[in-house]
Amino acid sequence: MPSQSHLSSDHQLKIPWLPILATEHRSWVIQALQVSEATAGELVCRVGAEPTHWIGVLEGLVKMSGFAANGRTVTFAGFPSGGWFGEGTILKGESYRYEIQVLQPGLLARLPVTVFHRLLEESIEFNRFLMRQFNERLGQFIAYKAAEQTLGVEEQLARALCTLFDPVLYPAAAPVLRITQQELAYLVGTSRQQINQALGLLREAGAAEAAYGGVRLLDYQCLRNVGTRG
DNA sequence: CCATTAAACACCC
DNA sequence: GGGTGTTTAATGG
């Protein structure tokens, strides 16, 4: 078990829903949140386990994945810094149906489900945040389903990268996203070769390019355009 | 039959 | 040591 600590003011800045809470609610949360380091490859949620916390990424990158009928690995979503996940499982009172694994090491924050439920009961602002998150995610999945049928690997990759390079959370810097081409292949549902080729096309388009062990964003707007054409 | 993919390999960070 | 690019043999539409 990794060592846990409480929330520093530096960490607080990396939680997008914290500022919107009323001060009273915010003080419970800050007291209840636990921060721990996440190492690459670490399994954050196991299939079948009961959720005890709502979990967020302060730094690093985490994936939600499972296996297809033929045994192939399928990644359903990637959560970058600022991402929070597992609320659906908590709300339904179920156990995890997919596994959550760390791709890029970093920091995770955990909010006990009891506090989660209390916020749900008492904070309009928290409900608003969750509703926005559900709405965005639903839109993403519908768009993803549409893209799956109609678009090529280049467009699908552009979409996947757009969700990982969140412009709201990274307004200034043009960071290199640390993710292997194999993981991108799991995410898009194709092979490593296809990803490599698509990265070449994205470079020609001026949207993004392959960096060692990751992808460098060149032009977010351009990446969006590639992902929405068709 | 052609395209795609997984596996194996050798380089490079 | 792990990620990448490339080759090759198998696989599947």
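None of these values were measured; they are calculated from a predicted model. Chain letters run A, B, ... following the sequence lines, proteins first and then strands; every chain starts at 1.
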Checklist entry - Under 3.5 Å, is there an N or O donor on one side and an acceptor on the other linking the side chain of A/Tyr212 and the base of C/dG2? => result yes

Checklist entry - C/dT4 phosphate, OP1 or OP2: any side-chain N/O from A/Gln182 under 4.0 angstrom? => result no

Checklist entry - Which nucleotide span of DNA chain B, 5' end to 3' end, has atoms closer than 4.0 Å to non-hydrogen atoms of chain A? => result B/dT4 to B/dC13

Checklist outcome for this item: Taken to the nearest 0.5 Å, the spacing of A/Gln156 CD from A/Ile195 CD1 works out to 9.0 Å

Checklist outcome for this item: From CD of A/Gln181 across to P of C/dT4 the rounded distance in Å is 5 Å

Item to check | Separation of atom CZ in A/Arg203 from atom C1' in C/dG5, rounded to whole Å | outcome: 15 Å

Checklist entry - Hey, what's the ring geometry for A/Trp84 with A/Trp17, parallel, tilted or perpendicular (30° and 60° as the breaks)? => result perpendicular

Checklist entry - Please give, in whole Å, the distance from C/dG3 C1' to A/Leu199 CG? => result 13 Å

Checklist outcome for this item: Separation between SG (A/Cys45) and CD (A/Glu50), nearest 0.5 Å, reads 12.0 Å

Item to check | Cationic N near anionic O, under 4.0 Å, A/Arg159 to A/Glu155 | outcome: no

Item to check | Value in whole Å for how far the C1' atom of C/dT4 lies from CD1 of A/Ile179 | outcome: 15 Å

Checklist entry - Roughly, in whole Å, what's the span from CD1 in A/Ile195 to C1' in C/dT6? => result 17 Å

Checklist entry - How about A/Ser123 and A/Phe129: do any of their side-chain heavy atoms sit closer than 4.5 Å? => result no

Checklist outcome for this item: Rounded to whole Å, the CZ-C1' distance (A/Arg192 to C/dG2) equals 11 Å

Next on the checklist: What is the distance, to the nearest angstrom, from the OH atom on A/Tyr186 to the P atom on C/dG3?
Outcome noted: 11 Å

Checklist outcome for this item: Taken to the nearest whole Å, CZ/A/Arg72 to P/C/dG12 is 11 Å

Next on the checklist: Once you apply a heavy-atom cut-off of 4.0 Å, does A/Gly214 come out as touching a base, just sugar-phosphate, or nothing?
Outcome noted: sugar-phosphate

Next on the checklist: Test: salt bridge (charged side-chain N to carboxylate O under 4.0 Å, His left out). Region: residues 191-203 of chain A. Which pairs qualify, not counting sequence neighbours?
Outcome noted: A/Arg203-A/Glu209

Item to check | Sequence neighbours excluded, every pair satisfying side chain to side chain donor-acceptor pair (under 3.5 Å) that has a member inside residues 93-108 of chain A | outcome: none

